[in-house]
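Here the structure comes first, spelled out in structure tokens, and everything after it is commentary.
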Amino acid sequence: MAEYLFLTCQAGMESLVKAEYLSQVPTARLAFSKRGIVTFKLPDLAESNRNHRPRGILPRTYGTSLTHVQVKPKSSPTPGAESGSKRIGARQFHELLQDAMQFGDAATTRELIQATIAAAEQTQLGSWDGLHVWVRDGLLPATNWSRLPNLELPIGWQRFVVQMTEALQAKNLVPPNTRCNQNAEYGQRVLDLCLVEPNQLIVGQHQVQHSFQRWSGGVIPPVPSAVPPISRAYFKIREAVSWAGLDLRPGQTCVEIGSAPGGSCQWLLEQDLKVIGIDPAEIDPTVINHPNFTHIRRRGREVKRQDLKNCDWLLSDANLPPNYVLDTIEDLVRHPLIKPKGLVLTLKLPDTKLLEHWHSWTERVASWGYTNTRGRQLVFNRQEVCLVATR
Ligand SMILES: C[S@@+](CC[C@H](N)C(=O)[O-])C[C@H]1O[C@@H](n2cnc3c(N)ncnc32)[C@H](O)[C@@H]1O
């Protein structure tokens with residue numbers, strides 16, 4: 001039987017993801033694709049004798065696409081919900097998920113759930129260890145709608161997830177104690193249900209091999225924080241550390257170039273690290289008044305090497321061109337006093353063409369002794385990517 005792969009990515013990055021994957025597996029064939037999700041028909045594994053795991057930095061997550069389910073919309077005044085053959089935009093899709101009458105409890109949604117159960121049974125691959133139900137394209141607020149995630153999921157969506165979970169449990173397709181969208185464990189086989197349109201869904205699965213595959217749809221679940229996060233960078237650094245599995249420990253020192261207004265420093269301080277923020281701009285009072293925070297109000301290149309001699313982790317989030325960031329970091333890490341264990345660099349991409357330089361960037365970083373390099377376009381990244389390197 002033919003095997004299909006699904007890959008998810010930041011909305012708008014689909015054509016790059018397609019090109020990148022086809023250059024990795026030239027005999028793959030593009031199949032279904034929508035904003036935020038791309039699928040490929042894979043060549044026969046035995047024939048090609050290759051690993052089809054995507055190697056690029058743009059995929060958020062991936063797995064096997066098993067089948068598609070689509071139900072006919074019933075007539076109703078809301079386009080895209082009960083009426084629509086018409087395609088709806090991301091905002092309208094999102095609004096629909098807020099509405100239990102038009103989505104979660106709607107007749108079309110009930111039919112979609114029934115059809116999904118039938119399709120999942122037909123695969124004869126159940127019972128799965130876990131269940132991830134997610135929406136393509138980062139449509140939920142926890143991903144990229146608003147700057148800061150809203151932990152309240154849309155009510156129609158919540159209804160849908162509960163009903164889907166119960167229906168799968170009733171058919172023993174997932175264990176009775178399954179909690180949908182919990183982080184999965186390494187090695188677990190997870191059923192993926194990706195809503196691509198209000199009346200259309202991809203049934204897939206993956207076995208967890210990477211940190212990001214533990215998260216539903218490859219999206220790190222947001223956590224409530226006692227104090228409101230200062231900026232998106234709060235979520236960026238949390239995601240980077242968790243994805244890359246960095247062993248940040250209380251009492252260690254993190255230095256961030258480009259630290260204002262202070263979101264990532266705020267998260268690092270919450271982890272009981274000592275933080276040095278280098279930025280000519282002002283830092284938020286929550287951070288600047290913290291006893292473990294030091295502000296060096298300079299540009300990265302003007303900083304005194306002596307001030308960074310205890311640096312365990314060196315971060316950059318400065319809004320500067322990637323080569324300028326790498327020049328600055330190289331100047332620092334080549335100094336005998338500065339020996340961080342790892343680097344977390346946000347590289348800004350005003351133009352995605354810059355990604356052509358990815359390999360030369362990682363080679364350059366590796367030449368400083370940071371040979372374990374990896375990259376990801378984080379869910380909380382916008383026009384940028386994250387490069388992590390450790391010794
Ligand atoms: C995206 S913001 C950083 C957000 C920050 N990481 C946070 O957690 O809130 C980019 C910052 O880079 C700073 N920046 C630009 N050029 C810089 C340089 N040469 N050295 C240090 N900071 C710089 C800007 O002043 C700006 O505050």
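Note that ligands are numbered from 1 as they come in the structure, with each ligand's atoms numbered from 1 the same way.
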For this session: Would you please say whether a donor-acceptor pair under 3.5 Å links the side chains of Arg179 and Thr165?
Result: no
Exercise. Counting only N and O atoms by type, is there a donor-acceptor contact under 3.5 Å from the side chain of Asn381 to the main-chain atoms of Gln377?
Worked result: no
Seminar exercise, completed: Within 4.0 Å of some non-hydrogen atom of Ile257, the atoms of ligand 1 are 20 (N), 21 (C)
For this session: Measure the distance from atom 15 (C) of ligand 1 to every protein heavy atom, then report the residue, atom name and distance (to 0.1 Å) of the closest one.
Result: Asn319 OD1, 3.1 Å
For this session: Tell me, please, whether Tyr324 has Arg301 positioned over its six-membered ring: NZ or CZ under 6.0 Å from the ring centre and within 45 degrees of its axis?
Result: yes
For this session: Examine the side chains of Trp134 and Asp192 and answer whether a donor and an acceptor come within less than 3.5 Å of each other.
Result: yes
Exercise. Can you tell which of Asp279, Asp317, Ile278, Leu320 gets a heavy atom nearest to atom 19 (N) of ligand 1?
Worked result: Leu320
For this session: Over 60° means perpendicular and under 30° means parallel, so classify the ring planes of Phe160 and Trp157, tilted if in between.
Result: tilted
For this session: Would you indicate whether the side-chain heavy atoms of Trp215 and Ser242 approach each other to under 4.5 Å?
Result: yes
For this session: Ignoring angles and geometry beyond distance, decide whether Cys265 reaches within less than 3.5 Å of ligand 1 through its nitrogen or oxygen atoms.
Result: no
For this session: Quick one: look up the protein heavy atom nearest atom 2 (S) of ligand 1 and list residue, atom name and how far away it is.
Result: Ala260 O, 3.6 Å
Problem set entry | Residue portion contacting ligand 1 (non-hydrogen atoms closer than 4.0 Å) for Ser259 | backbone
Problem set entry | Distance from atom 23 (C) of ligand 1 to nearest protein heavy atom, with residue and atom | Ala318 CB, 3.8 Å
For this session: Kindly indicate whether the side chain of Tyr62, heavy atoms from C-beta on, has any atom under 4.5 Å from the side chain of Phe212.
Result: yes
Problem set entry | Connected via hydrophobic side-chain network under 4.5 Å: Ile283 and Tyr234 | yes
Problem set entry | Contact check: Ala281 vs ligand 1, nitrogen or oxygen atoms, below 3.5 angstrom | no
For this session: Identify, for atom 20 (N) of ligand 1, the protein heavy atom at the shortest distance, and state residue, atom and that distance.
Result: Gly300 N, 2.9 Å
For this session: Could you tell me whether some N/O pair between Arg298 and ligand 1 is separated by less than 3.5 angstrom?
Result: no
Problem set entry | ligand 1-proximal atoms of Glu256, by part, heavy-atom distance under 4.0 Å | side chain
For this session: Please say whether Gly262 places an N or O atom under 3.5 Å from an N or O atom belonging to ligand 1.
Result: yes
Exercise. Going through the checks in order, is the salt bridge (Lys or Arg N to Asp or Glu O under 4.0 Å) test met by Glu256 and Lys236?
Worked result: CA-CA 13 Å; Glu256 185 181 45; Lys236 252 168 36 178; over 6 Å; no
Exercise. How does Ser231 reach ligand 1, by side chain, by backbone, by both or by neither, if only non-hydrogen atoms under 4.0 Å count?
Worked result: side chain
